[in-house]
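Beneath this line is the structure, given in structure tokens, with notes to follow.
The chains referred to below are lettered A, B, ... by the order of the sequence lines, with proteins before strands, and numbering in each begins at 1. Values in this document were obtained by computation on a predicted structure and should not be read as measured data.
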Protein chains: 2
Amino acid sequence: MANQSPLPGLFGALSDPTRFAVVEQLAGGPASVSELAAPHDMAGPSFLKHLNVLERAGLVTSVKVGRVRTVSLVPDALESIEAWVKAHRARWEHRLDRLGAFLAEDEKS
Amino acid sequence: MANQSPLPGLFGALSDPTRFAVVEQLAGGPASVSELAAPHDMAGPSFLKHLNVLERAGLVTSVKVGRVRTVSLVPDALESIEAWVKAHRARWEHRLDRLGAFLAEDEKS
DNA sequence: GAATTACATAGCCACATGGCTAATCAATCG
DNA sequence: CGATTGATTAGCCATGTGGCTATGTAATTC
């Protein structure tokens, strides 16, 4: 049982407003570091840290060509989040159904 | 536009392994504080803080009856996460399609 | 009514996080 | 070549976060 879920890490990466906004921007297509940084009134290095967090979390990849680094989304990451949420919401709703059934049953008595 | 997205807050709540596990446990149905705390080798007050974080984030509600507090999931929260992920993944995949089309077009020349 | 149980509050501490400036490196432009 | 631009590295600092112990309070149980 050496297997820790990677999801808390993904969530952590998305828990910062700056990083969250970056992901939203990237959903519109890849962008350079400076394009991504532009909307955020923040010093370059501070912003870079955020990008590194996103990349270490696996939400984002990047390639550097010449002096420009182009960053893009990794769809698998979003997919795994979606799968997890879907599964747990489903379990929960199933439970609510059983509760509803129980209450209805109770009502009859 | 005074409207900040609530999602980073939700993600923050899920970014801690303990809290993440609590949510997973709660997907199986409501539970008391001590039932939730049991699997986590951690002092009571430390664990309580986590529950409070989850509650402030809106992922969880609780009612105290007698001396026992019962905690349950708030499905809306998971739902809003799912909706966000779905939307952004969709945008991204649409983009990939356009890229594919572009590359195919390029191939012809 | 005394002891136990189930949470809760207060306060402390170590470390992580998020921001900054200054300085560097490498590619491109004039 | 020299200047500029885009990204990066190296520190520094304030604040937040996650853990603890000690103590408190309210509901049950014996």
Side-chain angles (χ1 to χ4, degrees), chain A residues 4-26 29-74 77, chain B residues 4-26 29-74 77:
Chain A
Q4 260 259 67
S5 173
L7 284 164
L10 288 181
F11 289 135
L14 290 168
S15 70
D16 178 90
T18 301
R19 293 194 294 263
F20 181 79
V22 167
V23 169
E24 295 214 297
Q25 184 173 347
L26 283 177
S32 72
V33 170
S34 21
E35 284 167 349
L36 291 169
H40 307 280
D41 188 19
M42 180 178 301
S46 314
F47 184 77
L48 247 210
K49 274 197 197 174
H50 286 302
L51 282 187
N52 290 333
V53 170
L54 285 172
E55 193 153 11
R56 266 182 276 121
L59 266 162
V60 137
T61 338
S62 65
V63 238
K64 187 165 184 175
V65 36
R67 59 187 164 172
V68 99
R69 173 174 302 275
T70 299
V71 183
S72 37
L73 264 192
V74 172
Chain B
Q4 260 260 69
S5 173
L7 284 164
L10 289 181
F11 289 136
L14 290 169
S15 70
D16 178 89
T18 301
R19 294 193 294 263
F20 181 78
V22 167
V23 170
E24 296 214 296
Q25 184 173 348
L26 283 177
S32 73
V33 171
S34 19
E35 285 166 349
L36 290 169
H40 306 280
D41 188 18
M42 181 179 298
S46 313
F47 185 76
L48 251 209
K49 271 197 200 175
H50 286 302
L51 282 187
N52 290 334
V53 170
L54 286 171
E55 192 153 10
R56 267 183 276 121
L59 266 162
V60 137
T61 338
S62 66
V63 237
K64 187 165 186 175
V65 37
R67 60 186 164 174
V68 92
R69 173 175 302 276
T70 299
V71 183
S72 38
L73 264 192
V74 173

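In this structure, B:Met42 and B:His50 have side chains that are in contact, with non-hydrogen atoms separated by less than 4.5 Å. The closest side-chain heavy-atom distance from A:Val60 to A:Leu51 is not below 4.5 Å. Side-chain contact between A:Leu36 and A:Leu26 is present, with at least one heavy-atom pair separated by less than 4.5 Å.
B:Ala13 and B:Ala57 get closest at one heavy-atom pair: CB-CB, 3.6 Å. The two atoms that bring A:Val22 and A:Leu54 nearest to each other are CG1-CD1, 3.7 Å, heavy atoms only. Here the closest non-hydrogen pair linking B:Pro30 and B:Thr70 is CB-CG2, 3.9 Å.
Rounded to whole Å, atom P of C:dC7 lies 9 Å from atom CZ of B:Arg69. Atom CG in A:Leu54 sits roughly 14 Å away from atom C1' in C:dG18 (whole-Å rounding). The CG-P distance, from B:Asn52 to C:dC7, rounds to 13 Å in whole Å. As rounded to whole Å, 18 Å separates atom P of D:dT5 from atom CG of A:Leu48. Atom pair A:Leu51:CG and D:dG6:P shows a separation of 15 Å (rounding to whole Å applied).
For B:Arg19 (side chain) and B:Gly12 (main-chain N/O), a donor-acceptor pair under 3.5 Å exists by modelled atom type. Within the 3.5 Å criterion, the main-chain N or O of A:Val71 finds no donor-acceptor partner in the side chain of A:Glu55.
Of the side-chain N and O atoms in A:Ser32, none sit less than 4.0 angstrom from OP1 or OP2 of D:dG6.
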With the sugar-phosphate defined as primed atoms, P, OP1 and OP2, and the base as all remaining atoms, what B/S/- string results for nucleotides 16-23 of chain D, 5' to 3', for protein heavy atoms under 4.0 Å? --BBBBB-
N/O to N/O distances under 3.5 Å, protein versus nucleotides 26-29 of chain D:
| residue | atom | partner | partner atom | Å |
| --- | --- | --- | --- | --- |
| D:dA27 | N3 | B:Arg67 | NH1 | 3.3 |
| D:dT28 | O4' | B:Arg67 | NH2 | 3.3 |

